[in-house]
Chemist: 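Below you'll find the structure I mean.
Keep in mind that the numbers below use all heavy atoms, side chains included, and drop hydrogens, waters and symmetry copies. Proteins get letters first, then strands, A, B, ... in listed order; numbering begins at 1 in each.
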Amino acid sequence: MMKIDFSGLDPSAPIKGRTDELCGDILATPSFALPTTHDFDGFQKAAVQMVKPAKGTTTLAFIFKEGVMVAADSRASMGGYISSQSVKKIIEINPYMLGTMAGGAADCQFWHRNLGIKCRLHELANKRRISVAGASKMLSNILYSYRGMGLSVGTMIAGWDEKGPGLYYVDSEGGRLKGTRFSVGSGSPYAYGVLDSGYRFDLSVEEAAELARRAIYHATFRDGASGGVASVYHVGPNGWKKLSGDDVGELHYMYYPVEPTTVEQEMTEVSVA
Amino acid sequence: MESVFGLVGKDFAIVVADSSAVHSILVHKTNEDKIMLLDSHKIMGASGETGDRAQFTEYIQKNVALYQFRNGIPLTTAATANFTRGELATALRKNPYQVNIILAGYDKETGPSLYYIDYIASLHKLEKAAFGYGSYFALSMMDRHYRRDMTVEEAIELVDKCIVEIRSRLVVAPPNFVIKIVDKEGAREYAWRQSIKDGSVLEA
């Protein structure tokens with residue numbers, strides 16, 4: 001039986017493990033028995049890991065000629081359990097800015113809502129809308145000040161301001177990247193493959209929406225932590241508009257319809273001659 | 001691991017940094033500029049944790065500007081290096097910044113100089129320095145071919161040799177690099193060395 005070892009704390013105690021018959025238990029280092037489990041400390045870690053949000057999602061956004069296309073899946077998972085298939089992962093910060101959610105759902109929802117409040121205050125104080133760069137920098141600075149405290153946020157801020165379409169990736173480590181194409185979450189490598197190969201700057205709105213939808217579908221197909229509904233939003237000069245929300249199961253059969261298989265050998269009744 | 005390296009020439013200093021922004025196995029960006037212009041005659045290349053890198057270098061940049069506003073004259077490169085090291089040292093036992101810095105500057109009186117400041121706040125004034133996995137290749141290349149009083153062309157040749165070596169020998173080699181130079185005329189971007197262009201992959 002494993003005993004917890006306190007001998008390090010008491011320098012005058014006899015050397016670890018040594019108990020002679022003379023002194024018996026009196027001089028033995030005080031200790032108590034640990035439960036007979038395989039890995040006593042590992043249980044705690046494993047329990048936390050299962051519940052810990054591991055950015056199990058697929059979100060993507062890209063800038064093109066007509067603005068910004070933003071898309072996401074809608075599955076929430078806790079380890080191997082799918083807790084919801086209908087999570088809104090595209091958060092409407094204000095009528096012309098969207099944020100995507102990856103990581104801790106509560107963290108993303110709260111901080112995006114908080115960002116929306118701060119953006120509105122900025123508008124009221126300065127009599128003009130805040131830029132996408134400014135909004136993303138505000139969020140990035142807030143998240144940076146909480147670094148190391150366990151926030152889990154991997155978000156993209158997409159919007160249309162005076163400089164045109166803007167897209168920033170912001171995460172809870174304090175990183176902030178300006179770019180034209182991003183995908184975040186456990187399904188992002190799968191989405192990147194489809195997105196990168198189909199991307200052109202001069203896509204039309206319909207083509208870009210189809211590209212975004214397809215990329216999310218392929219990620220949900222391969223990644224267990226992504227699924228549900230593929231939502232696609234478009235941010236144009238007049239603000240954002242939701243274009244579609246399709247169940248990925250239905251998309252699968254739309255892209256890969258069931259073909260009637262050719263029957264090679266069919267059992268038929270043998271007519272008795 | 002991000003590569004940053006630099007060297008001092010005849011009357012200029014060069015800092016080179018890779019330009020990929022990476023998260024575990026994903027490359028989010030291949031044209032991220034990691035060398036910040038602190039003022040007209042100073043550049044600071046940084047490598048390390050994404051959030052810390054951007055935030056800390058901006059903090060130094062704003063403080064350098066503040067000093068100039070308050071006192072009417074710009075900081076010397078040595079003073080900037082010592083200030084930066086001091087900030088890292090103060091934060092070290094509380095809330096450490098995980099950034100490695102190569103600071104280069106040109107002062108009218110003392111000419112070009114290069115400072116190596118690592119994440120545990122050690123400071124060295126050097127002629128050549130490197131950080132990251134790329135340093136394993138860049139340092140020996142520079143040791144072999146560096147001479148005092150190199151011209152810009154010779155220095156860029158050496159830089160290109162280092163970049164080629166990093167690209168061919170490092171297993172997860174960054175595809176693109178940015179080169180910035182600081183001399184009497186000021187600090188500016190010298191060139192990019194790109195083997196992957198960010199943006200649309202299938203360009204018409």
Chemist: Sort B:Ala21 into side chain, backbone, both or neither according to what part of it lies under 4.5 angstrom from a heavy atom of chain A.
Modeler: side chain

Chemist: Decide yes or no on side-chain hydrogen bond (donor to acceptor under 3.5 Å, both in side chains) for B:Asp107 and B:Thr77, but give the supporting numbers first.
Modeler: CA-CA 7 Å; B:Asp107 303 305; B:Thr77 313; 3.0 Å; yes

Chemist: Looking at every non-hydrogen atom in both residues, tell me the closest pair between B:Lys29 and A:Lys178 and how far apart they are.
Modeler: NZ-O, 2.5 Å

Chemist: What distance do B:Leu139 atom CG and B:Tyr146 atom OH have between them, rounded to the nearest 0.5 Å?
Modeler: 13.0 Å

Chemist: Could you name the residues of residues 213-226 of chain A that have a heavy atom within less than 4.5 Å of a heavy atom in chain B?
Modeler: none

Chemist: Can you tell me which portion of B:Glu58 sits under 4.5 Å from chain A's heavy atoms? Options are side chain, backbone, both or neither.
Modeler: side chain

Chemist: Taking all non-hydrogen atoms of both residues into account, name the closest pair between B:Met150 and B:Leu158 and its distance.
Modeler: CE-CD2, 4.0 Å

Chemist: Quick check: does any side chain N or O of A:Ser140 sit under 3.5 Å from a backbone N or O of A:Ser136, one acting as donor and the other as acceptor?
Modeler: no

Chemist: Assess, by modelled atom type and distance only, whether the side chains of A:Asn141 and A:Lys137 contain a donor and an acceptor separated by less than 3.5 Å.
Modeler: no

Chemist: Step through it carefully: locate the ring centre of A:Tyr199, locate the ring centre of A:Phe64, and say whether they are under 6.0 Å apart.
Modeler: no

Chemist: In terms of heavy-atom proximity below 4.5 Å to chain B, should A:Tyr192 be classed as side chain, backbone, both, or neither?
Modeler: side chain

Chemist: Is chain B contacted by the side chain of A:Ser172, its backbone, both, or neither, given a heavy-atom distance below 4.5 Å?
Modeler: neither

Chemist: Is any side-chain N of the basic residue among A:Arg129 and A:Asp161 closer than 4.0 Å to the acidic one's carboxylate O?
Modeler: no

